[in-house]
Amino acid sequence: MAGLETTGSNPDVGLLYDINGLTATAPDWVDRVVTVAGEYGLILALVLLTVWTWWRVRRTDCREEAAGAVAAVVWAPLAAGIALLVNIPIRGFVGRPSPAEQHRGIEELVAVRGDFSFVSDHATLAMALAVGLFIAHRRAGLAGIALAVLLGFSRVYLGVHYPTDVIGGLALGTAVALLLSPLASALLTPLTKLIARSAKVGRLVWSPKGTRDEAGSVEEGREQEQGRERQEDGVRQESGAVGVSRRRDRDLAA
C-alpha cells in the first residue's frame, strides 16, 4: 500500500521538520538525553510507575477493593503487549517508510531497524500501559499519560517517526486498554481475589494498612464479644447469688 502522504505540503511533514529541526540548535547533551529517554528511559519510568502503582493499590483495608485494583494493574502490561500485536498487521498494511527515507534534511539520531513507521510501537506501548494504570489509579495514570506523550514527542525529535505515527500509536494504545478492560477485569479479578485469600502469596494482592489483617480483626472481634458475654454471665450469676442470700436472711429473721 502507498501509505500516508509524505509530501512537503503535508502539515504532518511540516511539523516533523519543525520538531526534528530543534536538533540543529540544541546542545549535544540535550540530544543525548532525548535519545536515552526516547529509546529506553521513559519506558523504564513507566515500568517503575507500574511497580509503584501495584505496591500502592494493594495497601488498603478492603480485600475486594485491592483485588480489583491489582487486576487493573496486571492488565496494564498485558494491554501493552496486545496493542503491540495489533500494531503488527497495521504497520504492514499501511507500509509507511521512516521519515529519513522520504525526506532530506531529517536528522536521525537513532538507527532505524528498517521497519515501517506507522504506527509507532513506542507510543502504542507507552499509552496502553499508561491508560491501564489510569484504570487502577488515577494519579499514577495521569503521570503515565504525561510520560507517554513525552515519549511520543521524543520519537519525532529523534527523526524516526512522523507526528501522525505517534498520534496513531497513542490512539491505538488507548483503544486497546479501554475497550478490552471489562473483559480483562472479568477474567483477572477472580484470580486476584483467589490469590488474596492465600496465606503464602496473599500479600502480592492485599496488604492491609493496619497491623492486623481482616481475618485477625474478625477473630479479635469474636474474642471481645465472647469476653463481654462471659462478663455479663458473671454479673447475672453474682446478682442471683446475692438475691438468694438476702431471701435466706429474711427467712431466718422471720
Side-chain angles (χ1 to χ4, degrees), residues 40-84 123-151 170 172-236:
Y40 313 106
L42 291 171
I43 294 294
L44 177 60
L46 280 165
V47 171
L48 294 177
L49 182 62
T50 302
V51 174
W52 178 87
T53 305
W54 160 74
W55 184 267
R56 177 68 180 82
V57 298
R58 57 192 275 278
R59 299 283 296 172
T60 177
D61 292 331
C62 179
R63 181 166 55 191
E64 299 295 318
E65 178 183 343
V70 171
V73 174
V74 172
W75 165 238
L78 292 177
I82 292 174
L84 290 177
T124 300
L125 183 150
M127 186 55 85
L129 197 58
V131 173
L133 292 181
F134 183 80
I135 297 172
H137 192 280
R138 294 294 183 265
R139 285 182 294 177
L142 290 174
I145 291 171
L147 291 174
V149 172
L150 286 175
L151 177 60
L170 298 178
L172 177 60
T174 300
V176 170
L178 288 181
L179 294 179
L180 297 182
S181 176
L183 177 61
S185 178
L187 295 176
L188 293 174
T189 302
L191 177 61
T192 54
K193 287 182 178 179
L194 182 63
I195 295 174
R197 296 188 182 95
S198 172
K200 294 183 178 180
V201 295
R203 288 190 176 273
L204 291 175
V205 174
W206 181 50
S207 179
K209 292 181 179 179
T211 57
R212 295 183 175 86
D213 58 11
E214 186 180 80
S217 299
V218 171
E219 185 64 26
E220 180 184 4
R222 289 176 179 174
E223 292 177 356
Q224 292 177 350
E225 184 65 25
Q226 292 173 356
R228 285 194 295 269
E229 290 177 356
R230 287 193 296 268
Q231 184 177 4
E232 291 173 357
D233 290 341
V235 171
R236 285 194 295 269

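Everything numeric in this text was worked out from a predicted model, so none of it was measured.
Not counting sequence neighbours, the partners of Leu125 by the side chain to side chain contact (heavy atoms under 4.5 Å, CB included) test are Ile43, Ala80, Leu84. Partners of Trp55 under the side chain to side chain contact (heavy atoms under 4.5 Å, CB included) rule, at least two apart in sequence or in another chain, are Arg58. Under the rule for a salt bridge (Lys or Arg N to Asp or Glu O under 4.0 Å), the partners of Glu64 that lie at least two apart in sequence or sit in another chain are Lys193, Arg197. Take Leu142 and apply the side chain to side chain contact (heavy atoms under 4.5 Å, CB included) test, not counting sequence neighbours, and it matches Phe134.
Note that CG of Leu44 and CG of Leu147 are 10.5 Å apart. Values are rounded to the nearest 0.5 Å. Taken from CG in Leu49 to CZ in Arg56, the straight-line distance is 13.0 Å, to the nearest 0.5 Å. Rounding to the nearest 0.5 Å gives a distance of 10.0 Å between CG of Leu179 and OG1 of Thr174. Atom CG of Leu78 is separated from atom CG of Leu180 by 11.0 Å, given to the nearest 0.5 angstrom.
Nearest heavy-atom pair across Gly173 and Ala83 is CA-CB, 4.4 Å. Gly132 and Ala177 get closest at one heavy-atom pair: N-CB, 4.1 Å. Closest approach of Ala76 and Leu133 over heavy atoms only: CB-N, 3.9 Å. Residues Ala126 and Leu46 come closest through the heavy atom pair CB-CD1, 3.5 Å. In plain terms, the two heavy atoms of Ala69 and Ala136 that are nearest each other are O-CB, 3.7 Å.
Considering only heavy atoms from C-beta on, Trp54 stays 4.5 Å or farther from Val74 through its side chain. Side-chain atoms of Ile145 and Leu170, non-hydrogen and from C-beta on, never get closer than 4.5 Å to each other.
Counting only distance, with no hydrogens or angles, the side chain of Trp206 and the backbone of Ala67 share no donor-acceptor pair below 3.5 Å.
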Under 3.5 Å, which donor-acceptor pairs do the side chains of residues 181-190 form with other protein atoms, sequence neighbours left out?
| unit_1 | atom_1 | unit_2 | atom_2 | d |
| --- | --- | --- | --- | --- |
| Ser185 | OG | Thr189 | OG1 | 3.3 |
| Thr189 | OG1 | Ser185 | O | 2.8 |

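Residue pairs satisfying the side-chain hydrogen bond (donor to acceptor under 3.5 Å, both in side chains) criterion with at least one member in residues 42-53, sequence neighbours excluded, are absent.
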